[in-house]
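Right, one structure below, let's go through it.
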Amino acid sequence: MTKGNSTKITDELYRYMLDHNPPLDPVAARLVERTYAEFPDVAGMQSAEEQGPLLAFLVRLTGARHVVEIGTFTGFSTLAMAQALPEDGTLIACDVSEEWTAYGREAWAEAGVADRIDLRIAPALETLRAMPRNPHIDLAYVDADKESQIAYWEELVPRMRPGGLVVTDNTLFHGKVVDEAATGTAAAVRAFNDHVAADPRMESVLLAISDGLTLSRKR
């Protein structure tokens, strides 16, 4: 096997990448900073800064009007996608924390997109199973508990429209997915990656973006 790219992402190169991507608007930038200040021990759950512009780009690229997010945290990724939606678009955001999502609510209102976001505080599987089962979702972003990812996938895929996109975060899981003896969360991510790769309903690519990002298109 030949590895096609040996570029190492140094801090300097990472900064260069951010400088050549669409900049975060002031509301998003403040939300990122506030998350790291208020929740330093769990701020790693926030989507990486470069993923905000990427998710917005994917929303616009797919022409998405109906978006589902599983795992909202403090709402950075939610904000990025909602800003990219048309005015009549809707984003259903699934989370279980009133505390974390309160920060998102403030930012969404400040950015003028709160009316596009339907935040549902409940286990995501309950929220998904209550949705119509017909194909109606244009884009889904999955960034929640990894042990439930296959279950989320199986609820989402039948509800994705043809050409719809599922974006799943952390699919390299800090590099631990290469360990065949992995246990716990790493083993769950390995099982999810294998499940996705074998699913004939979708075509998928796993990319080395941030901690691994898998893009899956409904056939």
- Mark yes or no for whether T72, through its side chain, and G75, through its backbone, hold a donor-acceptor pair below 3.5 Å. no
- Task: Linking directly or through intermediates, with side-chain heavy atoms under 4.5 Å: list the remaining ILVMFWY members grouped with M160, chain and number order.
- Result: V68, I70, I92, L125, L128, M131, I137, V142, I150, Y152, W153, L156, V157, V166, F192, V196, M202
- Message: Considering only residues two or more places apart or on different chains, which pairs with a residue in residues 207-219 satisfy salt bridge (charged side-chain N to carboxylate O under 4.0 Å, His left out)?
- Response: E203-R217
- side-chain hydrogen bond (donor to acceptor under 3.5 Å, both in side chains) filter on T214, not counting sequence neighbours, yields T171
- Task: Decide side chain to side chain contact (heavy atoms under 4.5 Å, CB included) for Q83 and V113; before the verdict, give the C-alpha distance in whole Å, the side-chain angles of both, and the deciding distance to 0.1 Å.
- Result: CA-CA 6 Å; Q83 288 176 314; V113 296; 4.1 Å; yes
- Item | Transitive ILVMFWY side-chain link L119 to V96, under 4.5 Å | no
- Message: Run the side-chain hydrogen bond (donor to acceptor under 3.5 Å, both in side chains) test on Y141 and S47 for me, step by step, so that the C-alpha distance in whole Å, both residues' side-chain angles and the decisive distance to 0.1 Å come before the verdict.
- Response: CA-CA 11 Å; Y141 179 48; S47 295; 2.7 Å; yes
- Message: Once ring-ring contact (aromatic ring centres under 6.0 Å, His included) is applied, do any residues pair with Y103, and if so which ones, sequence neighbours excluded?
- Response: F39
- T62 (side chain) donor-acceptor with V59 (main chain) under 3.5 angstrom: yes
- Message: If we ignore hydrogens and angles and just use 3.5 Å, is the side chain of H195 paired with the main-chain N or O of N193 as donor and acceptor?
- Response: no
- Message: Can you give me the closest heavy-atom contact between P53 and P22, atom names plus distance?
- Response: CG-O, 3.5 Å
- Message: Quick one about T185 and E147 (side-chain donor to acceptor, distance below 3.5 Å, no hydrogens or angles considered), yes or no?
- Response: yes
- Task: Could you note down all residue pairs passing salt bridge (charged side-chain N to carboxylate O under 4.0 Å, His left out) where residues 75-104 supplies at least one of them, sequence neighbours left out?
- Result: R65-D88
- Note on the structure: The ring-ring contact (aromatic ring centres under 6.0 Å, His included) partners of F73 (sequence neighbours excluded) come to W100
- Query: Taking all atoms of both residues into account, what is the closest heavy-atom pair of S210 and A48, and its distance?
  - Reply: OG-CB, 3.4 Å
- Is there a path of hydrophobic side-chain contacts, each under 4.5 Å between heavy atoms of I, L, V, M, F, W or Y residues, that connects L215 with V67? yes
- Message: Tell me every residue that passes side-chain hydrogen bond (donor to acceptor under 3.5 Å, both in side chains) with S204, counting only those two or more places apart in sequence or in another chain.
- Response: S216
- Message: Tell me which pairs pass salt bridge (charged side-chain N to carboxylate O under 4.0 Å, His left out) where either residue lies in residues 152-166, with sequence neighbours left out.
- Response: R129-E155, R133-E155, D138-R161, E154-R201, E155-R159
- Hey, is OH on Y36 packed in by over 12 heavy atoms from elsewhere, all under 6.0 Å? yes
- Output every pair passing salt bridge (charged side-chain N to carboxylate O under 4.0 Å, His left out) with a member in residues 69-80, not counting sequence neighbours, ordered by first then second residue. none
- Is L61 reachable from V205 through a run of hydrophobic residues whose side-chain heavy atoms are each under 4.5 Å from the next? yes
- Message: I'd like to check the ring-ring contact (aromatic ring centres under 6.0 Å, His included) partners of F57; sequence neighbours left out, ordered by chain and number.
- Response: none
- Contacts of type salt bridge (Lys or Arg N to Asp or Glu O under 4.0 Å), residue E33, not counting sequence neighbours: none
- Message: Treating N170 as the side-chain partner and F173 as the backbone partner, does any N or O pair qualify as donor plus acceptor under 3.5 Å?
- Response: no
- Task: Would you check, one step at a time, whether the test side chain to side chain contact (heavy atoms under 4.5 Å, CB included) holds for N21 with D19?
- Result: CA-CA 6 Å; N21 274 342; D19 288 344; over 6 Å; no
- Answer with yes or no whether the hydrophobic clustering places L54 together with M17; edges join I, L, V, M, F, W, Y residues whose side-chain heavy atoms lie under 4.5 Å apart. no
- Do E106 and R34 pass the salt bridge (charged side-chain N to carboxylate O under 4.0 Å, His left out) test, and can you show the C-alpha distance, the side-chain angles, and the key distance before you say yes or no? CA-CA 12 Å; E106 290 182 24; R34 191 179 182 194; 2.9 Å; yes
- Verify side chain to side chain contact (heavy atoms under 4.5 Å, CB included) between T35 and F76, making sure each step is shown before the conclusion. CA-CA 9 Å; T35 299; F76 167 63; over 6 Å; no
- Item | Shared hydrophobic cluster for L213 and L172 (ILVMFWY, side-chain gaps under 4.5 Å) | no
- Tell me, please, which residues at least two apart from D118 pass salt bridge (Lys or Arg N to Asp or Glu O under 4.0 Å). R120
